[in-house]
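What you see is a predicted model, and the numbers here were worked out from it, not measured in a lab. Because only heavy atoms are used, hydrogens play no part in the values below, and waters and symmetry mates are left out as well, while side chains stay in.
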Amino acid sequence: MKAVTFQGTKDVQVKQVEDAKLQKKDDIVVRITSTAICGSDLHIYQGALPTEKDYVIGHEPMGIVEEVGPEVTRVKKGDRVVLPFNISCGHCYYCEHDMESQCDNANPNKDIADTGAYFGFTERYGDYQGGQAELLRVPYGNFVPFVIPESCELEDEALLFMSDVLPTAYWSVENSGVKDGDTVVVLGCGPVGLMTQKFAWMKGAKRVITVDNIPYRLNHAQKMNQVEIVNFDNHEDTGNYIKELSSGGADVVIDCVGMDGKKTPMEAIGQKLKLQGGTLSAIEIGMNAVRKFGTIQLTGVYGSKYNMFPLGNIFERNITVKTGQAPVIHYMPMLFDWITSGKIDPTEIITHRISLDDASNAYQMFNDHEDEVIKVVLKP
């Protein structure tokens, strides 16, 4: 089968690899019809999240069930399914309590990290091959896949982002505690940032302010979500500017950027030497922008170690910090209903539809913010 493989820093290539196969009795194999490039994939592409050569990446897939293991009863060959980025068993404490992103059984690498497992997200998170491929082995076939009813005639692009973007954005708003009348700041105007802005309005925010430094992304946010926009390149201290703009600070700041925000030269060197997990720039903006007793939600992915983390100022101002990988599976039915009823239209974030064969160029374009790219859908 053809698949997008990691070959080195800023080098992904579409190669022929061994076909995905059933390995356990409750596995399924899905023929991928659509998949997408996520900002988190860029952590692998840039070398910030190490993996082995030829590793198949990608965690936003959907397709048609090709084969089912003998213990699979929930899906059948020919079913159309969306696959969440979480790999989850369905019966541990975390899966049974809507915390599927921290499944106790999916990640065998307990010596590396007591954490959940995800498709195409390196050996650290379970060593599962990714979904930017023609075929994908899916474990826990009785729990993981979301089956699209046969009566649904929507194109893939309308449903694909149930895999990650939509549940991650919605969980970010819900987990951060956004409520009626809140002022919400969203850091980043990528796909998750755009949908987070939309969901903040839907949760009752009275004001949504978004921050980025790429003009076309800010314009997209303003047009799509009618938010106030702030270009952080235009302000010496963006956090304090927002604090003044919001008359004392935001109730909630949601960081959809993570470790790949704008780095100082020292942060860039530290990240290459594995001494620093990435930049603190988004956290610093958020810390200064949020009010006392406010909440900072860290949704953008962060590395493991951080020097000069501003813990003291967070503590002394009674700021709550929440973090983590979104639990996806239990949100998918609700999001499906919202899509099919027309309450949301996820296709608003798509700017490029590209053949899987051209994934290498698509990654370079996405990484370098060329051609006003927001979201790339890959078609095997």
Spacing of [X] atom [atom1] and [Y] atom [atom2] [to the nearest 0.5 Å]:
X	Y	atom1	atom2	answer
Leu83	Leu160	CG	CG	10.0 Å
Met195	Lys375	CE	NZ	11.5 Å
Phe232	Ile285	CZ	CD1	6.0 Å
Leu166	Trp338	CG	CH2	10.0 Å
Tyr94	Ser88	OH	OG	13.0 Å
Asn107	Cys89	CG	SG	12.0 Å

Is it the case that one hydrophobic cluster holds both [X] and [Y], taking links as side-chain heavy atoms less than 4.5 Å apart, direct or via other members?
X	Y	answer
Leu335	Phe143	no
Leu311	Met287	yes
Ile148	Ile32	no
Met62	Val165	yes

Donor + acceptor pair across side chains of [X], [Y] (<3.5 Å):
X	Y	result
Asn109	Glu123	no
Gln325	Tyr125	no
Asp54	Gln7	yes
Thr168	Asp164	yes
Asp41	Gln132	yes

Which atom names give the shortest non-hydrogen contact between [X] and [Y], and what distance separates them?
X	Y	value
Ala326	Phe85	O-CZ, 3.6 Å
Asp251	Gly181	OD2-O, 4.4 Å
Thr279	Tyr306	O-CE2, 3.8 Å
Ala282	Leu187	O-CD1, 3.3 Å

Open item on the list: Tell me which one of Val147, Val30, Leu159, Val75 satisfies side-chain contact (heavy atoms from CB on, under 4.5 Å) with Arg80.
Closed with: Leu159
Task: Sole candidate of Leu218, Val257, Ile242 that passes side-chain contact (heavy atoms from CB on, under 4.5 Å) when paired with Val211 - done: Ile242
Open item on the list: Can a donor-acceptor pair be found, under 3.5 Å and without considering hydrogens, that links the side chain of Arg291 to the backbone of Ser246?
Closed with: no
Task: Tyr118 and His59 aromatic centres sub-6.0 Å - done: no
Open item on the list: Tell me if the CD atom of Glu316 is crowded by more than 12 foreign heavy atoms within 6.0 Å.
Closed with: yes
Task: Salt bridge present between Asp182 and Lys179 (N-O < 4.0 angstrom) - done: yes
